[in-house]
Amino acid sequence: MFTPILIASLVSLINAASIVSRSQSSPQSTVLGPQTTITIGNKVIAPDGYERSATLVNGIFPGPLITAQKGDNFAINVVNELEDETMFKSTSVHWHGIYQNGTNYADGTSFVTQCPIAQNHSFLHSFSAPNQAGTYWYHSHYSVQYCDGLRGALVIYDPQDPLAYMYDVDDASTVITLSDWYHVVAPVLRHIIGTTANSSLINGLGRYAGGPASDLAVISVEQGKRYRMRLVAMSCDPNFQFSIDGHNFTVIEADGVLTEPLVVDQLQIFAGQRYSVVLVADKPVNNYWMRSLPNLVGASFVGGTNSAILRYQGAPQVDPITINTPAQNPLVETNLHALINPGAPGIPGYGNADINLNLQVSNVGGTFYVNGAAFKPPTVPVLLQILSGAQDSSQLLPNGSVIVLEANKVVELTLSTTGPGGPHPIHLHGHAFDVVQSAGNSAFNYVNPVRRDVVSAGGTGQQMVIRWTTDNSGPWFLHCHIDWHLDAGFAVVMAESPSDTAAHVNPVPQEWDQLCPIFDSLSPSQLGGGGRFAYEEAASITTLLFPPSPLP
């Protein structure tokens, strides 16, 4: 009498063991407020099953979620406890998408707005974002350090969100981070032309081709509820095609700016970009694959790579068996429209802005040139140069990489690229901009384009055109958000109204003044990054190398 039951039980156990899901459903265990301390240090982790030392915030990857309510003041103390000799031991933290109006010195951009924070020192970032709400993130802005792990999400919630009627749940559990991961430290990889990630992670977990079946992230939903999922692409290089098997979702935000709701079944998200999408959990209780395919050669979903699990409450803890079907309604950027105050600034029509800039980017031997100049970080941050009296581009370093803009003018920027390495995501600090022409699209839209802070410049033969108003005095970085490309020269500085900057950012904190003397006194061993050994290790991996370069 018991034998059939026993056999059935054994069979079910064997079946369960063969498909049991190795997964974790705690996507964001640590949440910090706007006034907090974060500690940058080293720790060995294995997010895709491969152990390596990493550069982390509070010992976790991604770093802790930082949250605030609209109107809150931020006071974030960044403490540097880095000690791993193979990685950089100085640091900086940039608050990506925050305008820093009046607080350019808190932007966290090494050699543009500050000197890096030296080992065993700290810097308090005090700033406000009075009119901003949405999905942002933070990351190192020192050389290629964020590729070693220093990256996390930052969300400003709006109690009066005009689109709140569309969703029921919007909390730490619905922040979804997409990142690439490398098994070799970034100071080695920065010497290699065309380095490639080993894996993609969703909420800090993933698998690499040929690696172990390590844990995947689980996003839990309850049938019938509507979720505002905040997607953050914190990769150093690839963009991702994001989709969830069997589900559509509605885009309502791009890079901290609300959009008119737009239903899609897949979206491409570039390094540095963010989207809020509303997911309605209206499918049968089950497990569904969440997919994030990078634009890397050979990328697939074999063995659970580039994937996470959407799990309805009540579904068994097993891997999904859902099928990936071709997108029927993928996101097209030109279909996105700003919800509030739509319309690009200035007189409509190409070339009708107050200042019309044309940047042509070329790639020669892996080095990027913007209008003939490859960006090399100056020894004195651009903001310090301006505060010391430099006013025009001939006085500002690096030569050929600083563009001075007059105050309160409409700027129209056209950017096109030639050579390998595209599509390039272009980010402007200090502003959101209107995308009046998207790469690969011949049409211009000055009436209701998407407004954001990272846009694809496409590939060879394509261009993108953006507009913004110079209402935020200070030096602002414009660069490719593929960190390897930024390190290889793909950047310029937009110096807005230098004559107004001293008054606009007054008072500069005394601690800011101390950053450069401390950093400038560091020895090579105190800088870390492996020194010449990093180049030798890179040479043992490939012959596709940049010429030897000094530590940043």
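Scored by the side chain to side chain contact (heavy atoms under 4.5 Å, CB included) test, Asn399 finds Leu397 as partners (sequence neighbours excluded). Remark: Asp483 pairs with no residue by the salt bridge (Lys or Arg N to Asp or Glu O under 4.0 Å) rule, at least two apart or across chains. Shown here are the side chain to side chain contact (heavy atoms under 4.5 Å, CB included) partners of His431, two or more places apart in sequence or in another chain: Leu428, Trp468, Asp471, Asn472, Trp476, Glu496. Contacts of Ser523 classified as side chain to side chain contact (heavy atoms under 4.5 Å, CB included), with partners at least two apart in sequence or in another chain: Ser525, Gln526. With sequence neighbours excluded, the residues that form a side chain to side chain contact (heavy atoms under 4.5 Å, CB included) with Ser53 are Asn42, Val44, Asp84, Met87. Not a single ring-ring contact (aromatic ring centres under 6.0 Å, His included) links Tyr136 to another residue, sequence neighbours left out. Residues passing the ring-ring contact (aromatic ring centres under 6.0 Å, His included) test with Phe433, sequence neighbours excluded: none. Legend: residues meeting salt bridge (Lys or Arg N to Asp or Glu O under 4.0 Å) with Asp48, ordered by chain and number and at least two apart, are absent. A search for disulfide bond (SG atoms under 2.5 Å apart) contacts involving Cys480 returns nothing, not counting sequence neighbours. Trp95 pairs by the ring-ring contact (aromatic ring centres under 6.0 Å, His included) definition with His125, Phe127, Tyr138, not counting sequence neighbours.
Relative ring orientation between His183 and Tyr208 is described as perpendicular, the plane-to-plane angle rising above 60° on a 0-90° scale split at 30° and 60°. Ring geometry for His481 against His139 counts as perpendicular: the plane angle is over 60°, on a 0 to 90° scale with 30° as the lower cut.
Applying the 6.0 Å contact sphere to CD of Gln35 captures more than 12 heavy atoms from other residues, nucleotides or ligands.
In this model, a donor atom of one side chain and an acceptor atom of the other lie less than 3.5 Å apart for Ser200 and Asn306. Side-chain atoms of His96 and Asp453 include a donor-acceptor pair closer than 3.5 Å. Between the side chains of Thr418 and Ser362, no donor-acceptor pair of N or O atoms lies under 3.5 Å. Remark: the Ser473 side chain and the Ser497 side chain contain an N/O donor-acceptor pair separated by less than 3.5 Å. Side-chain polar atoms of His121 and Asn80 form no donor-acceptor pair below 3.5 angstrom. A side-chain donor from one of Tyr275 and Arg452 sits under 3.5 Å from a side-chain acceptor of the other. Between the side chains of Ser540 and Glu537, not a single donor N or O lies within less than 3.5 Å of an accepting N or O. Side-chain atoms of His424 and His479 include no donor-acceptor pair closer than 3.5 Å. Using modelled atom types, one finds no donor on one side chain facing an acceptor on the other under 3.5 Å when comparing Thr135 with Arg274. Counting only N and O atoms by type, the side chains of Ser416 and Gln463 include no donor and acceptor under 3.5 Å apart.
Sorted by first and then second residue, the disulfide bond (SG atoms under 2.5 Å apart) pairs with a member in residues 500-552 read Cys115-Cys516; sequence neighbours excluded.
For the pair Thr470 (side chain) and Lys409 (backbone), a donor-acceptor distance under 3.5 Å is present.
Both tests hold for Arg291 against Phe301: distance to the six-membered ring centre under 6.0 Å, angle to the ring axis within 45°.
Looking at Phe88 and Leu82, their side chains never come closer than 4.5 Å, going by heavy atoms from C-beta outward.
Across every non-hydrogen atom of Ser90 and Leu522, the tightest pair is OG-CD1, 3.5 Å.
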Would you mind writing out the side-chain donor-acceptor pairs for residues 366-381 within the sub-3.5 Å range, not counting sequence neighbours?
unit_1 : atom_1 : unit_2 : atom_2 : d
Asn371 : OD1    : Gln360 : N      : 2.7
Asn371 : ND2    : Asn358 : O      : 3.1

Working for side chain to side chain donor-acceptor pair (under 3.5 Å), residues Gln145 and Thr91 | CA-CA 8 Å; Gln145 186 177 58; Thr91 193; 2.8 Å; yes

